[in-house]
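Step one of this worksheet: look at the structure below.
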Amino acid sequence: MAQSGLLILLSLFLVLHFIILVKLIPYNLVWGGRLKSDKEMYRFEIFSILINSLFVSVILVQGNFLIVDIPNKIITYALWLMTGLFLFNTLGDLTSKNKIEQIFFTITTILLAIFSLILALSN
């Protein structure tokens with residue numbers, strides 16, 4: 001369930017970041033409402049897409065959906081890193097100026113942290 005939950009949520013985040021990148025959703029609704037320009041938004045969104053893609057890849061390797069010769073120790077370390085990053089991101093979501101982001105994304109990042117922790121402990 002943790003693998004599926006991570007893959008679903010991270011895939012939805014990838015879609016969301018692409019939608020923000022092409023400006024179908026205003027970027028003031030994310031990043032705590034702190035982005036000031038299109039240039040900033042492009043930097044943050046491209047970085048997010050790359051990081052989320054890396055996270056999806058880690059889950060795919062961990063679940064043997066993607067066969068890559070990466071030592072299990074590195075995958076476990078990546079899962080612990082993901083857990084920490086999602087917990088840290090939860091703090092950012094709690095301080096968002098946007099109430100939707102504050103409520104919805106706080107819950108989502110807590111779930112991401114829990115799912116990552118479950119996989120890290122079981123790896």
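These values consider heavy atoms only, across backbone and side chains, with no hydrogens, waters or symmetry-generated copies. Predicted, not measured: the structure shown is a model, and the values here were computed from it.
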Taking only residues two or more places apart in sequence, or in another chain, which ones meet Glu40 in a side chain to side chain donor-acceptor pair (under 3.5 Å)?
none
In one Ile/Leu/Val/Met/Phe/Trp/Tyr side-chain cluster, 4.5 Å: Leu10, Ile46:
yes
Contacts of Leu87 that satisfy side-chain contact (heavy atoms from CB on, under 4.5 Å) - sequence neighbours left out
Thr83, Ala113
Given side chains that start at C-beta, do those of Arg34 and Thr95 come closer than 4.5 Å, heavy atoms only?
yes
What residue pairs, at least two apart or across chains, pass salt bridge (charged side-chain N to carboxylate O under 4.0 Å, His left out) with a residue in residues 47-62?
none
With Asp93 as partner, the option from Ile110, Thr106, Thr108 fulfilling side-chain contact (heavy atoms from CB on, under 4.5 Å) is Thr106
side-chain contact (heavy atoms from CB on, under 4.5 Å) between Ile59 and Leu79, intermediate numbers included:
CA-CA 8 Å; Ile59 303 307; Leu79 290 166; 3.7 Å; yes
Pairing residues for Lys23 by the side-chain contact (heavy atoms from CB on, under 4.5 Å) criterion, not counting sequence neighbours:
Asp38, Met41, Tyr42
If you look only at pairs with a residue in residues 53-68, which of them pass as a salt bridge (charged side-chain N to carboxylate O under 4.0 Å, His left out), with sequence neighbours excluded?
none
Enumerate, atom names and distances included, each donor-acceptor pair closer than 3.5 Å involving a side-chain atom of residues 116-123, sequence neighbours excluded.
residue: Ser116; atom: OG; partner: Leu112; partner atom: O; Å: 2.9
residue: Ser122; atom: OG; partner: Ile118; partner atom: O; Å: 3.1
residue: Ser122; atom: OG; partner: Leu119; partner atom: O; Å: 3.2
residue: Asn123; atom: ND2; partner: Asn72; partner atom: OD1; Å: 3.1
residue: Asn123; atom: ND2; partner: Thr76; partner atom: OG1; Å: 2.9

With a 4.5 Å heavy-atom cut-off, do Leu16 and Phe105 have their side chains touching?
yes
List the atom pairs, with distances to 0.1 Å, where a side-chain N or O of residues 48-56 and a protein N or O form a donor-acceptor pair under 3.5 Å, not counting sequence neighbours.
residue: Ser48; atom: OG; partner: Phe44; partner atom: O; Å: 3.1
residue: Asn52; atom: ND2; partner: Ser48; partner atom: O; Å: 2.9
residue: Ser53; atom: OG; partner: Ile49; partner atom: O; Å: 2.8

Cluster companions of Ile67 among Ile, Leu, Val, Met, Phe, Trp, Tyr (side-chain spacing under 4.5 Å):
none
Spacing of CE belonging to Met82 relative to CG belonging to Asn89, to within rounding of 0.5 Å
12.0 Å
Looking at residues at least two apart in the chain, or sitting in another chain, which of them share a side-chain contact (heavy atoms from CB on, under 4.5 Å) with Tyr77?
none
Quick one: ring-ring contact (aromatic ring centres under 6.0 Å, His included) partners of Tyr27, sequence neighbours excluded?
none
Roughly how far, to the nearest 0.5 Å, is OG1 of Thr109 from CD1 of Ile114?
10.0 Å
According to side-chain contact (heavy atoms from CB on, under 4.5 Å), who are the partners of Ile74, at least two apart in sequence or on a separate chain?
Ile70, Pro71
For Glu45, side chain to side chain donor-acceptor pair (under 3.5 Å) partners two or more places apart
His17, Trp31
